[in-house]
Amino acid sequence: MTRVQELFDLSGQVAVLTGVASGIGKASAHMLSDAGATIVGGDIDESGAQATADEITSGSGTAVVQRVDVTKRADVDALVDRAQTEFGRVDIMGNIAGIPHNKMVADCTDEEFERLLAINLKSVFYGCQAAIRHMIPQGSGNIVNISSGAIDTPAPTLACYGMTKAAVAMLTKTLATEVGRHGIRVNAIAPGMILTNFSRHNFTDADGNVVPEKLEQYHKRAGAMAPLGRAGEAEDVARSFLYLVSEAAAFVTGQIERPNGGVSMPW
Ligand SMILES: NC(=O)c1ccc[n+]([C@@H]2O[C@H](COP(=O)([O-])OP(=O)(O)OC[C@H]3O[C@@H](n4cnc5c(N)ncnc54)[C@H](O)[C@@H]3O)[C@@H](O)[C@H]2O)c1
């Protein structure tokens with residue numbers, strides 16, 4: 001193995017990830033497993049999470065998954081504790097699970113707002129706390145939280161979602177200042193427009209079927225904003241994830257990485 005390959009080698013490391021049933025979480029589980037990490041994954045979609053684990057273990061990887069509702073602290077704690085009890089370490093924590101929300105401020109209900117706060121923000125707080133409980137005594141660790149490009153530019157209908165993701169960015173930067181002395185790095189990823197189930201409502205009909213004209217429009221919209229001329233794939237984000245947890249990013253903490261095709265998010 002060359003020195004450069006060693007920088008991205010995660011052999012012997014244990015990665016806890018939420019949201020592994022789909023999209024960015026699933027792609028990150030595959031990417032980290034390909035780099036040698038053992039995956040301990042959680043998702044509210046248990047069968048989807050199991051499918052990801054089966055894909056990994058049908059190759060040469062190691063992955064276990066369980067049902068986790070990230071709004072429940074006990075579920076998040078149980079996931080992280082499983083990594084410690086079953087594999088003896090918690091090297092990587094990826095707080096990835098999240099949901100979209102597109103409504104004008106005037107129309108957002110209390111129930112919607114509370115749900116967004118619980119799934120997109122409180123879950124990340126729970127995940128960070130659970131991870132550092134293991135990482136501080138270990139004296140090392142990497143946390144990656146998924147924020148969003150929506151934190152960069154205000155746009156109609158994105159206030160509630162953007163608020164949760166801006167708070168995730170602030171949590172990330174602040175926690176980095178607290179745990180750096182324990183050898184723990186904390187970074188966030190703020191993806192641009194990525195083609196996953198999360199963004200499907202933009203190009204599907206009421207029954208969830210893809211409408212080709214809508215999909216073409218979505219690509220055009222993304223391409224018009226991004227200098228690289230396309231919407232992103234989940235794997236584009238997973239690559240950023242791998243970089244941040246790798247030794248290539250050994251001096252990187254408290255940062256917001258932006259895999260977005262170069263867009264400055266002028267919606
Ligand atoms: N796709 C994009 O364009 C985009 C852009 C910016 C940020 N993001 C963020 O990326 C993250 C991943 O999104 P994605 O695009 O992969 O979407 P996705 O819908 O493909 O995956 C999200 C996963 O989270 C899981 N999840 C939802 N609620 C949960 C809960 N309560 N407990 C446990 N798991 C739960 C879902 O079951 C799903 O597997 C989210 O935090 C999202 O906000 C996505």
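Order of appearance sets the numbers: ligands from 1, and atoms from 1 within every ligand. For the single chain, residues carry numbers from 1 onward in sequence order.
- A salt bridge links Arg133 with Asp77; the closest basic N to acidic carboxylate O contact falls under 4.0 Å.
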Quiz item: salt bridge (Lys or Arg N to Asp or Glu O under 4.0 Å) between Lys214 and Asp205: does it pass, once the steps are laid out?
Solution: CA-CA 9 Å; Lys214 281 189 171 185; Asp205 61 21; over 6 Å; no

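- Of all atoms in ligand 1, numbered sequentially from 1 with element shown, those under 4.0 Å from a heavy atom of Gly23 are 16 (O), 20 (O).
- Classification of Asp236 and Arg230 as a salt-bridged pair holds, one side-chain N sitting under 4.0 Å from a carboxylate O.
- Counting atoms of ligand 1 from 1 in the listed order, those under 4.0 Å from a heavy atom of Ser22 are 16 (O), 18 (P), 20 (O), 21 (O), 38 (C), 39 (O).
- A salt bridge does not link Asp45 with Arg67: every distance from a Lys NZ or Arg NE/NH1/NH2 to an Asp or Glu carboxylate oxygen is 4.0 Å or more.
- Judged by distance alone, the side chains of Asp9 and Gln5 never bring a donor and an acceptor atom under 3.5 Å apart.
- With a heavy-atom cut-off of 4.0 Å, Pro100 does not touch ligand 1 at all.
- Which parts of ligand 1 touch Ser147 is read off a 4.0 Å heavy-atom cut-off, strictly below it: atoms 7 (C).
- Listed by number with element, the atoms of ligand 1 under 4.0 Å from a non-hydrogen atom of Ser148 are 6 (C), 7 (C).
- Using a 4.0 Å cut-off to heavy atoms of Ile146, the atoms of ligand 1 that qualify are 9 (C), 10 (O), 11 (C).
- Within the 4.0 Å heavy-atom cutoff, Ala231 does not count among the residues contacting ligand 1.
- Residue contacts with ligand 1 do not include Thr18, since none of its heavy atoms lies under 4.0 Å from the ligand.
- Below 4.0 Å from some heavy atom of Val68 lie the following atoms of ligand 1, by number and element: 32 (N), 33 (C).
- Residues Glu111 and Arg115 are not paired through a salt bridge, judged by the lack of any N-O separation under 4.0 Å between the basic side chain and the carboxylate.
- Contacts between Lys26 and ligand 1 below 4.0 angstrom, taking non-hydrogen atoms only, are absent altogether.
- Atom numbering of ligand 1 starts at 1 in the shown order; those under 4.0 Å from a heavy atom of Tyr161 are 6 (C), 7 (C), 8 (N), 9 (C), 42 (C), 43 (O).
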